[in-house]
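Report on the structure given below.
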Amino acid sequence: MKKLTLLLLLALLSINCAWAGHKLFSAGKSRYSIVVCDAASESELTAARELQLYLKQISSVYLPIKSSDELRRGEPHIFIGYNPSYGKKLGVETPAVESEAFTYRSVGKNIWIYGGKQRGTMYGVYTFLEREFGVRWYTKDCTKIPELESWQFSKLNHSEAPAVLIRQMDYFDAQDAAFLAHNKVNSVWNSMQNDYGGLVGYWRCHTFEHFVNSNKYFSSHPEYFSLRNGVRQPHTQLCLSNPDVLELCKSGMLQVIEQNPNYWVYSLSQNDNFNYCQCEKCTEIANKYGGQSGLLLWFVNQVADVVKEHYPDKHISTFAYQYTRGVPKDIKPRENVVIRLCSIECCFGHPLSECDHNKPFMADIIKWKDVAGKLFIWDYVTNFRHYLVPFPNFNVLAPNIRTFIDHNVVGIFEEGQYQSSGGSFADLRTWVLNKLLWNPSQDTRALVEDFITGYYGAAAPHVLEFFDLCHAQLKDDMVLNIFYQIDSPILSDEFISRGTELVNKACQAVENQSDEIKHRAALVQLQMKYIHLMRHPAKALEDGTYDYFIDFIRRHKIRITEWEDVEGWIRWYNDIYLGKKIRQGTLVAKAPSGV
Ligand SMILES: [Zn+2]
Ligand SMILES: [Zn+2]
């Protein structure tokens with residue numbers, strides 16, 4: 001009898017083990033349909049359509065999309081979006097429309113994906129595809145979609161919420177609406193209305209010149225502009241204590257908002273130079289409020305007050321940048337003023353909170369945290385003088401984002417190579433940053449390996465080794481700043497020799513792969529070609545690097561520096577860089593034509 005009970009128990013256990021869960025699809029078949037909630041938002045409809053398309057590519061099955069009144073009892077469903085009728089059943093409250101948090105979970109054989117209507121549910125659908133099926137949106141042109149024979153689940157229950165409210169990217173290839181939505185980035189410069197719930201728009205920066213233009217006003221009103229060493233000068237900053245300047249900015253700002261109503265925030269901020277006004281009155285106000293940031297805030301607050309009267313839900317932003325980075329005294333930003341604190345002077349080789357070089361910035365952010373109700377970070381993630389040199393900052397991305405969040409920021413903006421494709425690891429850095437802005441607790445190394453393995457085909461092992469070699473160059477006593485020079489010790493001779501070997505191997509490994517993968521490997525290699533071109537111009541002319549490089553950047557429109565377009569840089573290289581060496585007699589190779 002005992003034996004029989006044991007056998008029965010074993011039989012029951014084996015039945016239980018054989019149950020592999022609810023089959024969403026198997027062998028090209030599925031019983032499921034996708035159900036969009038009543039009054040679904042545009043982004044929820046987009047997400048439902050895309051779920052259908054991606055599942056089709058994963059499983060070869062086309063799941064029908066139905067509305068809630070088309071449901072048939074007994075059929076299994078994936079419910080997209082929150083609906084009060086089943087909200088009760090699930091025991092969850094209605095999410096706020098603007099909430100970007102989401103949950104996906106199963107109850108029996110049904111799956112529910114819901115969040116805020118604007119973008120939350122949509123983010124839930126994309127995360128469901130990523131986490132459960134391995135879909136990756138690496139770049140706007142490279143999506144990994146695994147093909148699966150079957151997929152089943154026993155219990156799903158997963159929730160996420162963004163670590164920071166506004167996540168803004170400034171890489172050239174990160175401006176595509178679908179790519180941004182898939183990776184949960186919700187802001188760009190432009191206020192984009194789209195099928196993905198729109199994007200938080202940030203209207204411009206360095207806008208003093210926009211509101212009081214030097215060409216228009218300087219000849220008739222030189223007093224509107226900075227007094228520098230006793231002389232009024234155009235193309236500097238504004239004389240902020242001048243009441244006419246204030247009126248021009250007030251009326252100009254109201255006009256901008258009226259003409260561009262879809263932005264969250266509008267910038268009223270210093271031009272990109274250090275030439276603030278030294279007149280007596282400006283100096284007096286600056287002294288009263290603890291420095292140039294105090295004068296700026298005194299001015300911006302007055303414009304913000306007028307904006308609030310007409311547009312109570314809009315924000316005005318200004319900089320805490322360079323000469324205005326310090327925290328003012330006895331004055332605070334108005335509730336509708338966003339302070340955009342810029343980390344431009346920092347070392348990005350070591351985390352902000354751990355590097356001596358970054359102590360002044362940390363001192364400022366700690367004070368701004370208490371003064372600014374809405375603090376927004378402008379962060380820098382590449383070398384702007386030489387877009388193509390390695391910028392080994394991947395180890396600081398997550399800790400720095402966490403540092404910003406610890407100081408109550410409402411948003412983080414990551415400025416990279418925004419003018420063209422092709423900077424040092426631009427694709428990889430864009431994707432990893434997208435992920436970390438949403439959740440900086442993620443494992444950066446795992447993200448890097450995921451991308452490199454999925455993106456570089458057979459070149460992946462060599463690319464990863466090169467990536468690690470770049471990071472190994474950074475020593476504790478080095479400062480990684482965003483304008484580091486080509487003769488920096490970061491680019492040692494040993495690094496150049498080994499790095500060149502690795503990128504060449506990467507290109508050789510993909511010789512028989514697709515043109516896309518060859519191009520990705522060539523972009524990795526381009527970093528070493530650029531260093532060779534700059535360090536050894538004579539050799540680069542002789543060994544063909546010069547011809548290859550110029551042809552490559554022309555064909556693919558790759559900018560080399562923030563300040564020059566492609567042709568401008570080529571002219572600079574030929575006329576100034578090579579020209580000087582030829583005149584000095586240090587370049588003996590045959591110069592290219594036109595030099
Ligand atoms: Zn002045
Ligand atoms: Zn450092």
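Side chains are part of it too, since the values below use all heavy atoms of this structure and drop only hydrogens, waters and symmetry mates.
There is a side-chain donor-acceptor pair under 3.5 Å between Asp379 and Ser343. If you check the side chains of Arg136 and Tyr455, you find no donor sitting under 3.5 Å from an acceptor. For the residue pair Thr127 and Lys184, a side-chain donor N or O sits within less than 3.5 Å of a side-chain acceptor on the partner. Neither side chain, Gln419 nor Tyr171, offers a donor N or O lying under 3.5 Å from an acceptor on the other. A donor-acceptor contact under 3.5 angstrom links the side chains of Tyr138 and Asp450, judged on distance only.
Cation-pi geometry between Arg340 and Tyr202 is met: under 6.0 angstrom from the ring centre, within 45 degrees of the axis. Taking the ring centre of Tyr456 as origin, the terminal cationic atom of Arg520 falls outside the region bounded by 6.0 Å and 45° from the ring axis. Relative to the ring axis of Tyr548, Lys529 places its NZ or CZ within 45° and under 6.0 Å from the centre.
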Handout entry: Verdict with supporting geometry, Glu160 and Asn439, side chain to side chain donor-acceptor pair (under 3.5 Å)
Key = CA-CA 9 Å; Glu160 292 187 23; Asn439 174 11; 5.8 Å; no

Handout entry: Verdict with reasoning, Phe391 to Leu480, per side chain to side chain contact (heavy atoms under 4.5 Å, CB included)
Key = CA-CA 8 Å; Phe391 197 70; Leu480 184 67; 3.7 Å; yes

Exercise for the section: Take Phe466 and Gln527 through the test side chain to side chain contact (heavy atoms under 4.5 Å, CB included) and record every step on the way to the result. Expected result: CA-CA 11 Å; Phe466 176 65; Gln527 302 176 62; 3.9 Å; yes

Problem - Evaluation steps, side chain to side chain contact (heavy atoms under 4.5 Å, CB included), between Thr121 and Ile80 - result: CA-CA 7 Å; Thr121 299; Ile80 304 293; 3.7 Å; yes

Exercise for the section: Would you check, one step at a time, whether the test side chain to side chain donor-acceptor pair (under 3.5 Å) holds for Glu70 with Ser67? Expected result: CA-CA 6 Å; Glu70 293 173 277; Ser67 62; 3.1 Å; yes

Exercise for the section: Before giving the answer on side chain to side chain donor-acceptor pair (under 3.5 Å), spell out for Asn434 and Arg167 the whole-Å C-alpha distance, their side-chain angles and the decisive distance to 0.1 Å. Expected result: CA-CA 8 Å; Asn434 289 348; Arg167 306 169 300 281; over 6 Å; no

Practice task
Evaluate the criterion side chain to side chain contact (heavy atoms under 4.5 Å, CB included) for residue pair Ile365 and Leu341; output intermediate values, then yes/no.
Solution key: CA-CA 8 Å; Ile365 195 174; Leu341 176 63; 3.6 Å; yes

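Among Tyr263, Tyr266, Phe413, Trp203, the single residue meeting the ring-ring contact (aromatic ring centres under 6.0 Å, His included) criterion with Trp189 is Phe413.
One finds no salt bridge joining Lys88 and Glu93 here, because no Lys/Arg side-chain nitrogen approaches an Asp/Glu carboxylate oxygen to under 4.0 Å. Ion pairing between Glu44 and Arg49 fails under the 4.0 Å rule for side-chain N and carboxylate O. Ion pairing of Glu75 with Arg31 is absent here, as no side-chain N (NZ or NE/NH1/NH2) approaches a carboxylate O to less than 4.0 Å.
Looking at every heavy atom in both residues, Ala174 comes nearest to Val188 through O-CG1, 4.3 Å.
The side chain to side chain contact (heavy atoms under 4.5 Å, CB included) search around Thr561 returns Trp563, Glu564, Trp569, not counting sequence neighbours. For Asp551, the side chain to side chain contact (heavy atoms under 4.5 Å, CB included) criterion is met by Arg555, not counting sequence neighbours.
Side-chain atoms of Gln417 never come within 3.5 Å of backbone atoms of Thr382 as a donor-acceptor pair (strictly under, hydrogens ignored). Judged by distance alone, with hydrogens and angles left aside, the side-chain atoms of Asn110 form a donor-acceptor pair with the main-chain N or O of His77 at under 3.5 Å. Formation of a donor-acceptor pair under 3.5 Å by the Arg105 side chain with backbone atoms of Thr103 is not found in this model. Formation of a donor-acceptor pair under 3.5 Å by the Gln52 side chain with backbone atoms of Leu63 is found in this model. The main-chain N or O of Glu562 is found under 3.5 Å from a side-chain atom of Arg559 such that the two form a donor-acceptor pair. Checking side-chain atoms of Ser43 against main-chain N and O of Gln118 turns up a donor-acceptor pair under 3.5 Å. A donor-acceptor distance shorter than 3.5 angstrom exists from the side chain of Asn83 to the backbone of Ser85, with no hydrogens or angles considered. Looking only at distances, a side-chain donor or acceptor of Gln513 sits under 3.5 Å from a matching main-chain atom of Ala458. Listed for the Tyr123 side chain is no donor-acceptor partner under 3.5 Å among the backbone atoms of Gly115.
Taken to the nearest 0.5 Å, the CZ atom of Phe25 stands 8.5 Å off from the OG atom of Ser60. Atom CZ of residue Phe394 and atom SG of residue Cys470 lie 9.5 Å apart, to the nearest 0.5 angstrom. Of the inter-residue distances, the one linking Ile452 atom CD1 with Asp427 atom CG reads 11.5 Å to the nearest 0.5 angstrom. How far CH2 of Trp378 is from CD of Glu414: 11.5 Å, rounded to the nearest 0.5 Å. With values rounded to the nearest 0.5 angstrom, Ser106 atom OG is found 4.5 Å from Leu156 atom CG. Here the CG atom belonging to Leu55 is positioned 6.5 Å from the CZ atom belonging to Phe128, to the nearest 0.5 angstrom.
Shown here is Tyr62, whose OH atom has no more than 12 heavy atoms of other residues, nucleotides or ligands within 6.0 Å. No more than 12 heavy atoms of other residues, nucleotides or ligands sit less than 6.0 Å from atom CD of Glu147. Within 6.0 Å of the NZ atom in Lys23, the count of heavy atoms belonging to other residues, nucleotides or ligands does not exceed 12.
Between Trp137 and Tyr54, the distance separating the two ring centers is shorter than 6.0 angstrom. Trp151 and Phe133 have their aromatic ring centers within a separation under 6.0 angstrom.
Between Phe79 and Tyr86, the ring planes are tilted. Angles from 30° to 60° get that label. Aromatic ring orientation, Phe467 versus His471: tilted (interplanar angle from 30° to 60°). Classification of the Tyr126-His182 ring pair by plane angle, with boundaries at 30° and 60°, yields perpendicular.
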